[in-house]
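In what follows, a structure is listed as structure tokens, so that the remarks can point back to it.
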Amino acid sequence: MLATFKNRVYQVVAQIPKGKVATYGQIAKLAGNKKAARAVGALMKNNPYAPKVACHRVVGFDGRLTGYSGQGGITKKKQWLISEGVIFKKEKVDLEKCLWRQKYNKIKTNNF
DNA sequence: AAAATGACGGTGT
DNA sequence: TACACCGCCATTT
């Protein structure tokens, strides 16, 4: 396993749980470069690890469905996500509920 | 090695 | 919502 950027991206994407989605920027950040969101998309297009890599669970920063070279394109991707339990707001994903969170925010043990 | 490419992110009209 | 522009980055040719 080469520690290249793209491999890290595939590694991260493969960890996205069902019913959740991640943004290109988030993945890029986890991979080491939060500004490499664009590069992430390009890597998804190649997607040599498909279907192991859940490329369909990757959405835009606003939950917007961009890209997807798969069959049916965006429409199919949308349906696919819905089937996994992802909630949709019009043409966008409800990031408030379905955004993948690798790290949970520190819980306040001493509230008040 | 340099140029071209793109499934982004953000801002403006 | 649509369209145009620009900045950014890794991969590919």
Side-chain angles (χ1 to χ4, degrees):
Chain A
M1 180 56 141
L2 298 174
T4 59
F5 179 80
K6 74 171 193 169
N7 274 314
R8 285 171 104 85
V9 172
Y10 295 131
Q11 188 71 35
V12 174
V13 175
Q15 294 177 55
I16 302 174
K18 174 186 166 197
K20 294 288 182 180
V21 298
T23 66
Y24 292 94
Q26 181 179 7
I27 294 171
K29 182 179 179 182
L30 293 173
N33 299 293
K34 70 177 183 180
K35 296 179 180 178
R38 203 168 200 181
V40 174
L43 296 174
M44 292 293 97
K45 183 179 177 183
N46 294 328
N47 195 12
Y49 294 85
K52 186 172 180 60
V53 178
C55 55
H56 59 269
R57 296 184 191 149
V58 184
V59 300
F61 75 109
D62 261 344
R64 207 173 184 313
L65 269 59
T66 62
Y68 194 65
S69 301
Q71 184 179 38
I74 304 301
T75 304
K76 182 67 178 180
K77 182 176 179 179
K78 181 179 177 182
Q79 295 294 64
W80 196 296
L81 291 173
I82 293 174
S83 296
E84 293 189 344
V86 177
I87 300 172
F88 266 76
K89 287 290 191 178
K90 305 258 184 179
E91 301 302 323
K92 297 180 181 178
V93 177
D94 187 349
L95 296 179
E96 296 297 317
K97 298 179 181 176
C98 302
L99 180 62
W100 175 47
R101 297 187 176 181
Q102 193 178 46
K103 291 183 180 179
Y104 288 95
N105 296 334
K106 56 182 177 182
I107 303 172
K108 308 175 195 170
T109 52
N110 58 336
N111 52 328
F112 296 97

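First the proteins, then the strands, lettered A, B, ... as listed; each starts at 1.
Results of the side chain to side chain donor-acceptor pair (under 3.5 Å) test with H56(A) over K78(A), Q79(A), K77(A), E84(A) single out E84(A) as the only residue that passes. Each of K52(A), R57(A), M44(A) was checked for a side chain to side chain contact (heavy atoms under 4.5 Å, CB included) with V13(A), and the lone residue meeting it is M44(A). Of the residues L99(A), L65(A), D62(A), I82(A), the one that meets the side chain to side chain contact (heavy atoms under 4.5 Å, CB included) test with V93(A) is L65(A).
Contacts of L43(A) with the nucleic acid, taken as non-hydrogen atoms under 4.0 Å apart, involve only primed sugar atoms and P, OP1 or OP2.
Considering only heavy atoms from C-beta on, F88(A) comes within 4.5 Å of L81(A) through its side chain. The shortest distance between side-chain heavy atoms of Q26(A) and V58(A) does not fall below 4.5 Å. Between Y68(A) and V59(A), every side-chain heavy-atom pair lies at or beyond the 4.5 Å cut-off.
Judged purely by distance below 3.5 Å, without hydrogens or angles, the side chains of Y49(A) and N7(A) pair a donor atom with an acceptor atom.
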Contact string for nucleotides 2-8 of chain B, one letter per nucleotide 5' to 3', B = base within protein heavy-atom range under 4.0 Å, S = sugar-phosphate only, - = neither, reads ----BBB
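The nucleotide range of DNA chain C contacted by chain A, defined by atoms under 4.0 angstrom from heavy atoms of the protein and reported 5' to 3', is dG7(C) to dT12(C).
For Y24(A), there are no ring-ring contact (aromatic ring centres under 6.0 Å, His included) partners two or more places apart in sequence or in a different chain.
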